[in-house]
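Just follow the structure's listing: the first ligand is 1, and inside any ligand the first atom is 1. Model, not experiment: these values are computed from the prediction.
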Amino acid sequence: MANIENSFEFCSSLTCTSLPPPRTRIFKIIVIGDSGVGKTCLTYRFCAGKFPDKTEATIGVDFREKVIEIDGEKIKVQLWDTAGQERFRKSMVQHYYRNVHAVVFVYDVTNAASFRSLPAWIEECRQHALGQEVPRILVGNKCDLRHAAQVSTDVAQQFADAHSMPLFETSAKNPYGNDDGGRNNSDHVEAIFMTVAHKLKSQKPLVLSQLPCRSGDTVTLRRQDEEDRGTWGCGC
Ligand SMILES: Nc1nc2c(ncn2[C@@H]2O[C@H](COP(=O)(O)OP(=O)(O)OP(=O)(O)O)[C@@H](O)[C@H]2O)c(=O)[nH]1
Ligand SMILES: [Mg+2]
C-alpha cells in the first residue's frame with residue numbers, strides 16, 4: 001500500500017520542491033443532457049469566463065476545471081462535459097457516474113424535445129446507482145433566445161419540483177440580455193455552478209493527492225473516506 005510520506009518524498013525528488021503543496025479538495029460534477037443543448041458552452045463559460053468561438057459535438061467527455069474559493073478554502077470544481085450523442089457516449093458512460101458528487105441536467109429552452117428527454121437522463125442516473133444524496137440541478141439553457149422558447153418556466157419548474165431539483169434558467173451565450181437587446185433576467189452561469197459548489201463543500205469530496213500519480217492524462221484521486229481508511233484508489 002502506498003505510504004503518503006514516502007509518496008511525498010517521491011514527489012519532491014521529481015519536482016525538486018522541498019514541501020508538498022497543500023491538498024485541494026476536488027468536486028466532480030457531471031453535466032448531462034441531449035446533444036446541442038449547450039453543455040460544452042456552459043462549462044466553458046464557467047471555466048474560461050466566455051462563450052466559446054465555436055464548438056463541435058463532444059466525443060466521450062471533456063474535462064474542465066476551475067479553482068474557486070469558498071469561505072476561505074480553495075476547492076477545485078471538476079466539470080465532466082459529457083457527450084449528448086449516444087454513439088459518442090456509450091463507451092464512456094460508466095466512467096461518468098463513478099464517484100460523482102453532483103449532476104447538472106441541461107435542456108434547451110428552445111427545444112421541447114430536449115426537455116422531454118430529461119426523464120431518460122434521470123433514468124440513466126438511476127441505472128448507474130446514483131445515490132439520492134447526490135445533489136442534482138436542472139438548467140434550462142439558451143434563454144437569450146426567449147422569443148423562440150418552447151419550454152415555459154412554469155412547466156420546467158413543475159418538473160423540477162416533482163424531482164426535487166432547483167431550476168435555473170440561463171444563457172451560456174448572453175446571460176445579460178436577449179437577442180432583442182432587452183434583459184432576459186436569466187441566472188448567471190457562474191452563480192449556478194457556485195451554488196452547486198457551496199452545496200457540496202460540506203460533503204466529503206475527492207481529494208487530489210498532489211502526488212506524481214499521472215498515467216497519461218489520468219490523475220490518481222481518492223475519496224476522503226478512503227483517505228480516512230488509509231487506502232488508495234483511483235477516482236477515475
Ligand atoms: N443562442 C445560444 N446558443 C447557444 C447557447 N449555448 C450553446 N449554444 C449553441 O448551441 C450549439 C450546441 O452547443 P454545445 O455546447 O456544443 O452543445 P452540447 O450540449 O455540448 O452538445 P454535445 O457535445 O453534442 O452533447 C452551438 O452552436 C452553440 O453555439 C446559448 O446559451 N445561447
Ligand atoms: Mg458538447
Which residue and heavy atom of the protein sit nearest [atom], plus the separation:
| atom | result |
| --- | --- |
| atom 24 (O) of ligand 1 | Ser35 OG, 2.6 Å |
| atom 4 (C) of ligand 1 | Lys142 CE, 3.7 Å |
| atom 7 (C) of ligand 1 | Cys41 SG, 3.4 Å |
| atom 21 (O) of ligand 1 | Gly36 N, 2.9 Å |
| atom 13 (O) of ligand 1 | Gly38 CA, 3.7 Å |
| atom 31 (O) of ligand 1 | Ala172 N, 2.9 Å |
| atom 6 (N) of ligand 1 | Asn141 ND2, 3.1 Å |

- Look at the aromatic rings of Tyr97 and His128 and report parallel, tilted or perpendicular, splitting at 30° and 60°.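 The arrangement is parallel - the two ring planes meet at less than 30°.
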
- Query: Is there a side-chain contact between Trp80 and Ile32, using heavy atoms and a 4.5 Å cut-off?
  - Reply: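 No. Closest side-chain heavy atoms not under 4.5 Å.
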
- Message: Any heavy-atom pair between the side chains of Val31 and Val106 that's under 4.5 Å?
- Response: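 In contact.
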
- Query: Is there a path from Phe51 to Val109 through hydrophobic residues (I, L, V, M, F, W, Y) whose side chains come within less than 4.5 Å of each other?
  - Reply: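 No, separate clusters.
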
Does [X] pair with [Y] as a salt bridge, N-O distance under 4.0 Å?
| X | Y | answer |
| --- | --- | --- |
| Lys28 | Glu65 | no |
| Lys142 | Glu169 | no |
| Glu124 | Arg126 | no |

- Query: Has Thr82 got an N, O or S atom lying less than 2.8 Å from the Mg ion (ligand 2)?
  - Reply: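 No, since none of the N, O or S atoms of Thr82 sits under 2.8 Å from the Mg ion (ligand 2).
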
- Task: Decide, counting backbone as well as side-chain atoms, whether Thr40 has an N, O or S atom less than 2.8 Å from the Mg ion (ligand 2).
- Result: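 Checking the Mg ion (ligand 2) against Thr40, an N, O or S atom does fall under 2.8 Å.
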
Would you mind listing which atoms of ligand 1 come within a distance below 4.0 Å of any non-hydrogen atom of [X]?
| X | value |
| --- | --- |
| Ala57 | 23 (O), 24 (O) |
| Thr55 | 13 (O), 14 (P), 16 (O), 26 (C) |
| Ser171 | 31 (O) |
| Thr58 | 22 (P), 23 (O), 24 (O) |
| Lys39 | 15 (O), 17 (O), 18 (P), 19 (O), 20 (O), 21 (O), 22 (P), 25 (O) |
| Gly84 | 22 (P), 25 (O) |
| Asp34 | 19 (O) |
| Asp144 | 1 (N), 2 (C), 30 (C), 31 (O), 32 (N) |

- Verdict with reasoning, Ile26 to Ile75, per side chain to side chain contact (heavy atoms under 4.5 Å, CB included): CA-CA 6 Å; Ile26 292 184; Ile75 60 170; over 6 Å; no

- Test side chain to side chain contact (heavy atoms under 4.5 Å, CB included) applied to Arg136 and Leu130, step by step: CA-CA 10 Å; Arg136 294 149 164 86; Leu130 214 68; 3.7 Å; yes

- Would you please determine whether Phe51 falls within less than 4.0 Å of ligand 1 on a heavy-atom basis?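 Phe51: in contact with ligand 1 (<4.0 Å).
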
- Query: At the 4.0 Å heavy-atom cut-off, does Val106 count as touching ligand 1?
  - Reply: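 Contact check Val106 vs ligand 1: negative.
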
- Heavy-atom protein contact below 4.0 Å for atom 27 (O) of ligand 1: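 Protein heavy atom within 4.0 Å of atom 27 (O) of ligand 1: absent.
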
- Message: Can you tell me which portion of Cys143 lies within the under-4.0 Å heavy-atom range of ligand 1? Options are side chain, backbone, both, or neither.
- Response: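 Looking at Cys143 and ligand 1, no heavy atom falls under 4.0 Å.
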
- Message: Are any of the N/O atoms on Gly33, whether in the backbone or the side chain, positioned under 3.5 angstrom from an N/O atom of ligand 1?
- Response: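 No; every N/O pair is 3.5 Å or more apart.
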
- Item | Derivation and outcome, side chain to side chain contact (heavy atoms under 4.5 Å, CB included), residues Val139 and Leu42 | CA-CA 10 Å; Val139 174; Leu42 284 168; 4.1 Å; yes

- Gap separating the CZ atom of Phe46 from the CG atom of Leu79, nearest 0.5 angstrom: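 So the gap between those two atoms works out to 6.5 Å.
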
- NZ or CZ of Lys50 within 45° of Tyr44 ring axis and under 6.0 Å: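 No.
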
- Evaluate side chain to side chain contact (heavy atoms under 4.5 Å, CB included) for Phe159 paired with Leu138, printing each intermediate quantity in order. CA-CA 9 Å; Phe159 183 87; Leu138 181 60; 3.9 Å; yes

